[in-house]
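In this text, all values refer to a predicted model and were calculated from it rather than measured experimentally. Numbering of ligands and ligand atoms starts at 1, following listing order.
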Amino acid sequence: MTTALITAPAALTLPDGRPARAAWSLDTVSVHINHGSFGAVPLVAQEHQNTLRAEMDAAPVAWFPTLPGLVREARTSIARFLGIDPSRTAMVPNASAGASVVYTSLPVRTGVEIVVTNHGYGAVTMGAERLARRWGGTVRTAHIPLNATAAEAHDAIVAEFSDSTGLVVIDQITSPTARLLPVDTVSAEAKRRGIPVFVDGAHVPGLYDRPLDGVDCDFWVGNLHKFGCAPRGASVLVGRGPLADELYPLIDSWGAPYPFPERFDTQGTLDQTSYLAAPTSLSFIEETWGWSNARQYMTELADYAESIIAEAFTAATGDDHLVDAGMPVNALRLVRLPRGLAGSHPEADALRDRAVDELGLEGAFTCFDGVGYFRLSTHVYNTPADFEYFAERCVPALGDWAREALRAL
Ligand SMILES: Cc1ncc(COP(=O)(O)O)c(C=O)c1O
């Protein structure tokens with residue numbers, strides 16, 4: 001693959017002219033180009049959460065009885081942002097919790113098959129495997145090539161459906177491979193066959209407008225604390241269709257007699273201020289740049305970043321490092337690493353840790369089918385200089401580390 005020369009977009013600024021990053025508390029010691037893993041919270045939302053915590057700590061007896069009502073208001077506002085029905089939307093702490101709720105709530109179906117894909121998030125796939133074991137069933141894995149088109153990915157997933165399929169678990173944006181999967185057509189086909197579908201949309205909120213339009217799945221989870229920039233521990237679980245009212249929170253509390261999703265608003269004595277402050281992050285980005293402009297900037301920056309990083313690797317190795325991800329994501333991209341790096345999941349994690357220590361890089365490294373990748377994320381606070389640093393400083397170091405690794409074989 002070759003890249004046309006891609007121009008860097010002008011970095012975003014705040015209304016007072018300061019760089020966008022001044023609205024975050026990210027340190028200046030590191031380059032932060034892995035928003036996709038743990039997000040980053042703007043100061044205004046941190047301050048809102050701190051204020052809420054102060055109120056909670058000042059008068060807990062007054063605070064806790066009001067909490068379910070506050071959670072309800074927050075999820076209504078979040079659901080409106082996502083273009084989904086608030087009466088189908090529950091708050092959960094994270095995508096893992098959403099998956100756990102689905103897996104523990106579904107009625108037992110002995111001996112059924114659960115269909116997952118080879119691009120699934122490890123922890124969510126492991127949960128599906130445990131569920132299959134509990135049900136005395138099995139997991140069937142759809143193998144989708146990294147560069148599969150929507151139609152090819154659809155066909156690969158649907159080919160694993162059978163009369164015994166009891167659940168499909170599919171990512172909307174995949175974590176190791178930073179690509180989209182055709183959750184709309186797969187959900188439609190599953191529905192036609194009466195198979196429940198759980199869509200893991202962990203990365204989706206903030207990245208795509210109205211992400212559930214045209215996606216008729218039974219369950220969907222999305223993290224607000226990734227691209228939505230909410231305080232960590234704020235996610236939504238959407239439940240629709242005949243099984244929605246089977247969903248119960250992991251913490252069984254006084255909400256139990258209520259229907260879905262109200263029963264999720266009561267979680268015992270728990271700090272749920274992350275839910276309450278999440279709308280502040282969403283509004284901050286809307287009011288400062290507008291989400292639509294923010295997404296356009298993130299996309300243009302990702303195009304630029306991907307091209308300069310792949311070119312830098314190519315200059316060092318002579319190989320092509322651009323990746324055809326089939327259905328690419330706007331603000332998450334993969335660049336192939338030199339051979340010898342991140343050939344397994346533990347090696348990818350070790351590379352991430354070494355890059356933090358030796359390069360001041362907060363980055364993400366992934367492995368898929370034994371090949372190592374650098375996964376870059378862009379957000380409004382990133383600038384072209386972040387990725388130029390990677391191309392100029394990190395690429396040569398990674399080249400040295402790859403040569404070291406190959407020599408050690
Ligand atoms: C696709 C996917 N699913 C689930 C998760 C888990 O998210 P959390 O750690 O917020 O539970 C992630 C995290 O990166 C993810 O990428």
As an exercise, identify every atom of ligand 1 less than 4.0 angstrom from a heavy atom of [X].
{"X": "H203", "result": "16 (O)"}
{"X": "S175", "result": "16 (O)"}
{"X": "H225", "result": "10 (O)"}

Could you identify the single nearest non-hydrogen protein atom to [atom] and state the distance to 0.1 Å?
{"atom": "atom 15 (C) of ligand 1", "result": "Y121 CD1, 3.3 Å"}
{"atom": "atom 13 (C) of ligand 1", "result": "K226 NZ, 2.9 Å"}
{"atom": "atom 3 (N) of ligand 1", "result": "D200 OD2, 2.6 Å"}

- Message: Test your reading of the structure: does D171 have an N or O sitting under 3.5 Å from an N or O of ligand 1?
- Response: no
- Query: Under 3.5 Å, N or O to N or O, is N223 touching ligand 1 that way?
  - Reply: yes
- Within 45° of the six-membered ring axis of Y248 and under 6.0 Å from that ring's centre, is NZ or CZ of R263 located there? yes
- Item | Proximity of F374 and H321 rings by center, below 6.0 Å | no
- Determine, considering heavy atoms only, which of G127, S96, A364, A97 sits nearest to atom 9 (O) of ligand 1. S96
- Message: If you apply the rule side-chain hydrogen bond (donor to acceptor under 3.5 Å, both in side chains), what do you find for S253 with Q267, and how did you get there?
- Response: CA-CA 6 Å; S253 185; Q267 288 289 273; 5.9 Å; no
- Query: Has the side chain of H379 got a donor or acceptor atom that lies under 3.5 Å from a matching backbone atom of F227?
  - Reply: yes
- Query: Where's the contact between A202 and ligand 1, heavy-atom distance under 4.0 Å: side chain, backbone, both or neither?
  - Reply: side chain
- S235 versus N223, side-chain donor and acceptor atoms under 3.5 Å: yes
- Using only heavy-atom distances, determine whether the side chains of S105 and E246 contain a donor-acceptor pair under 3.5 Å. no
- Message: So, taking the atom named OG in S307 and the one named CZ in F387, what distance separates them when rounded to the nearest 0.5 Å?
- Response: 11.5 Å
